[in-house]
Protein chains: 2
Amino acid sequence: MARTAEESRFSLQKDRMLRAAARCFNQKGFSGTSLKDVAGQLGLTDAALYYYVRNKEELVYLCYLKAAELGRAALETATAEGGTALERIRRYLHLHAEFMLGEPGPVAIMSEIPSLKTEHREEILRLSREHSARFEALLREGIDEGSIAPCDVRMTGNAIMGALNWIPKWHHGDPDVARQVLASFPDILSRGLVPAGSR
Amino acid sequence: MARTAEESRFSLQKDRMLRAAARCFNQKGFSGTSLKDVAGQLGLTDAALYYYVRNKEELVYLCYLKAAELGRAALETATAEGGTALERIRRYLHLHAEFMLGEPGPVAIMSEIPSLKTEHREEILRLSREHSARFEALLREGIDEGSIAPCDVRMTGNAIMGALNWIPKWHHGDPDVARQVLASFPDILSRGLVPAGSR
DNA sequence: CGATTATTTTAATCCGGATTAAAATTTTTG
DNA sequence: CAAAAATTTTAATCCGGATTAAAATAATCG
């Protein structure tokens with residue numbers, strides 16, 4: 001039996017749905033997008049969405065979950081290859097910027113976290129904290145090995161994350177701009193980390 | 001007649017209202033806050049808000065307008081005193097962070113811009129662009145005078161703004177953290193700007 | 001104080017979008 | 001192909017929160 005095929009048909013549609021939702025939430029804001037808007041992009045009726053998702057809240061939640069996962073994956077990929085902590089961070093900056101420039105990026109702003117149901121909200125916040133913690137650990141590692149200048153890792157992490165996460169606010173899909181971002185952000189965000197001596 | 005007194009009574013209430021609204025939008029998200037929530041904080045009925053504002057859209061708009069104005073004022077104050085461009089930028093970083101840590105800051109995220117009416121949306125976006133432009137001009141000035149290392153001013157400005165504007169996302173009112181931010185952000189965000197020679 | 005203006009409340013209305021249930025259609029499977 | 005499962009639609013319902021109008025209360029002024 002085509003178990004995998006069935007599975008994937010459902011999952012693929014669901015994924016299309018999430019991407020459509022992310023696009024809408026970004027363009028029109030959360031309160032500004034109706035389920036009809038999202039369904040429209042898929043050539044479906046609003047009611048059809050309920051086959052994939054319990055309600056609108058779950059739709060946002062899944063978008064946020066996916067954004068969190070993509071961020072996590074970027075950090076993991078960047079650190080997997082080795083090199084100094086500074087080098088790994090620079091790879092991460094590039095990967096994360098890349099993801100923020102893409103489709104689901106905008107939803108990463110996660111402005112509607114407060115209106116998620118408690119359980120979902122806590123999960124998203126937990127994932128977010130875990131991500132920050134991993135990044136800060138990487139900074140600490142760099143400081144220990146000397147590839148990064150001593151600093152307040154918490155605050156430095158927050159600053160860098162902010163710069164990355166803010167990208168969707170001013171990037172509106174122009175591929176030229178996207179290229180500029182990828183070319184400049186790793187430098188901009190890591191230059192301040194380099195110890196005074198090793199310039 | 002006590003024209004000024006009347007004026008100020010109205011304005012003061014209106015200002016209280018905006019602060020209450022900002023607090024709500026931040027804590028509960030835009031779609032999550034009803035006019036009743038905002039009115040409740042003021043000991044009023046929801047209908048009373050309509051004496052001060054045409055509708056909910058105008059309420060958000062005014063919050064955004066105020067946030068934009070505070071940002072503008074921070075930059076103006078910081079640049080008024082003179083010094084090298086780098087020094088002025090560092091003063092600005094401190095002032096802007098200070099404002100982001102305060103009451104109306106959180107609304108500065110401005111996630112509901114898409115659902116503003118065209119006229120309001122365009123005004124807010126214009127103010128935002130003007131602010132960026134002024135900051136970039138300051139960067140350019142620093143590069144010319146040599147207090148700042150050559151860089152892509154557009155991207156550098158975006159990165160710094162992002163780091164600042166993201167503050168409300170992770171700052172939740174703890175005054176200790178606020179102190180840490182003010183102590184570290186100007187350094188963190190300006191260290192990367194300093195030319196390699198003048199460390 | 002009486003009158004006028006400012007502010008707020010009460011009590012409806014209104015409305016769009018979320019949600020649901022049942023029916024119709026399409027796809028899969030044996 | 002027929003039956004079963006999966007997917008989507010149609011057609012209501014439902015509901016909370018925005019908005020409004022008129023009335024009530026409070027403040028101010030001459």
Side-chain angles (χ1 to χ4, degrees), chain A residues 1-25 27-64 111-112 114-117 120, chain B residues 1-25 27-64 111-112 114-117 120:
Chain A
M1 59 179 137
R3 210 194 74 237
T4 32
E6 283 171 35
E7 270 298 313
S8 79
R9 167 146 174 55
F10 179 88
S11 302
L12 285 178
Q13 268 294 76
K14 189 163 180 173
D15 207 65
R16 276 186 71 211
M17 190 183 81
L18 291 185
R19 250 169 309 145
R23 214 173 309 134
C24 287
F25 291 147
Q27 283 174 355
K28 310 155 82 87
F30 175 74
S31 74
T33 84
S34 67
L35 293 185
K36 193 171 291 194
D37 291 331
V38 178
Q41 296 222 352
L42 304 169
L44 290 179
T45 306
D46 48 358
L49 301 186
Y50 286 83
Y51 182 70
Y52 298 94
V53 95
R54 190 179 301 283
N55 50 34
K56 193 180 179 184
E57 187 270 340
E58 190 177 332
L59 192 58
V60 207
Y61 160 67
L62 289 175
C63 286
Y64 289 175
S111 300
E112 284 299 321
S115 47
L116 293 181
K117 58 187 279 195
H120 289 165
Chain B
M1 55 179 139
R3 211 194 72 236
T4 31
E6 284 172 34
E7 271 297 314
S8 80
R9 167 147 174 54
F10 180 88
S11 302
L12 286 178
Q13 269 294 78
K14 188 162 180 174
D15 207 66
R16 277 186 71 211
M17 190 183 80
L18 290 185
R19 252 169 308 146
R23 215 173 307 135
C24 287
F25 290 148
Q27 284 175 355
K28 308 154 83 86
F30 176 73
S31 72
T33 83
S34 67
L35 293 184
K36 193 172 290 194
D37 291 332
V38 178
Q41 295 222 353
L42 304 168
L44 290 180
T45 306
D46 48 357
L49 300 187
Y50 286 83
Y51 182 70
Y52 299 95
V53 95
R54 190 177 301 281
N55 50 33
K56 194 181 180 184
E57 186 270 339
E58 189 177 331
L59 192 58
V60 207
Y61 160 66
L62 289 175
C63 285
Y64 289 175
S111 299
E112 283 299 321
S115 48
L116 293 181
K117 58 187 278 195
H120 288 165

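All values reported here derive from a predicted model rather than from experimental measurement.
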### Query
Is there a donor-acceptor pair under 3.5 Å between the side chain of A/Y64 and the backbone N or O of A/E112?
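Side chain of A/Y64 to backbone of A/E112: a pair is present.
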#### Entry: A/L62 side chain near A/K14 side chain, heavy-atom distance below 4.5 Å
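SC-SC contact between A/L62 and A/K14 confirmed.
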Which of these nucleotides, [options], is closest to any side-chain atom of [X]?
X: A/F10; options: D/dT19, D/dT7, D/dT9; result: D/dT7
X: B/L44; options: D/dT8, D/dT19, C/dT8; result: C/dT8
X: B/Y52; options: D/dT8, D/dT19, C/dT7; result: C/dT7
X: A/A48; options: C/dT8, C/dA18, D/dT8; result: D/dT8
X: A/R9; options: C/dT19, C/dT8, D/dT8; result: D/dT8

Whole Å only: how far is the [atom1] atom of [X] from the [atom2] atom of [N]?
X: A/N55; N: C/dG17; atom1: CG; atom2: C1'; result: 14 Å
X: B/E58; N: D/dT20; atom1: CD; atom2: C1'; result: 16 Å
X: B/D46; N: D/dT20; atom1: CG; atom2: P; result: 13 Å
X: B/L49; N: D/dA21; atom1: CG; atom2: P; result: 17 Å
X: B/F30; N: D/dG16; atom1: CZ; atom2: C1'; result: 15 Å
X: A/Y50; N: D/dA12; atom1: OH; atom2: P; result: 19 Å
X: A/L59; N: C/dG17; atom1: CG; atom2: P; result: 16 Å
X: B/K28; N: D/dG17; atom1: NZ; atom2: P; result: 10 Å

### Task
List the atom of B/E57, the atom of B/H120, and the distance in Å for their closest heavy-atom pair.
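Smallest heavy-atom distance, with atoms named: OE2-ND1, 2.8 Å.
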### Nearest atoms (heavy-atom pairs only) where A/G32 meets A/D37
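A/G32 and A/D37 have their closest heavy atoms at O-OD2, 3.7 Å.
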### Query
When you match A/S34 and B/G43 each to their closest nucleotide on DNA chain C, which lands nearer the 5' end?
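The residue mapped nearer the 5' terminus is B/G43.
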### Query
Between D/dT8 and A/Y51, is there an OP1 or OP2 to side-chain N/O distance shorter than 4.0 Å?
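It does not, given that no N or O in the side chain of A/Y51 lies less than 4.0 Å from OP1 or OP2 of D/dT8.
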### Contact under 4.0 Å: B/Q13 side-chain N or O vs C/dT8 OP1/OP2
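For C/dT8, OP1 or OP2 has a side-chain N or O of B/Q13 closer than 4.0 Å.
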### Query
Want to settle it: does A/A47 or B/K36 sit nearer the 5' end of DNA chain D, counting the closest nucleotide to each?
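First, find each residue's nearest nucleotide; the 5'-ward one identifies A/A47.
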### Query
Which part of the nucleic acid, if any, lies within contact of B/T33, taking any heavy atom under 4.0 Å across all strands shown: a base, the sugar-phosphate backbone alone, or nothing?
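Sugar-phosphate, no base atom in range.
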### Query
What nucleic acid atoms does A/T45 come within less than 4.0 Å of, heavy atoms only: base, sugar-phosphate, or nothing?
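Base contact.
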### Query
Out of B/F30, B/Y50, B/Y61, which one pairs with B/K56 under the side chain to side chain contact (heavy atoms under 4.5 Å, CB included) rule?
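That would be B/F30; it is the only one of B/F30, B/Y50, B/Y61 passing the side chain to side chain contact (heavy atoms under 4.5 Å, CB included) with B/K56.
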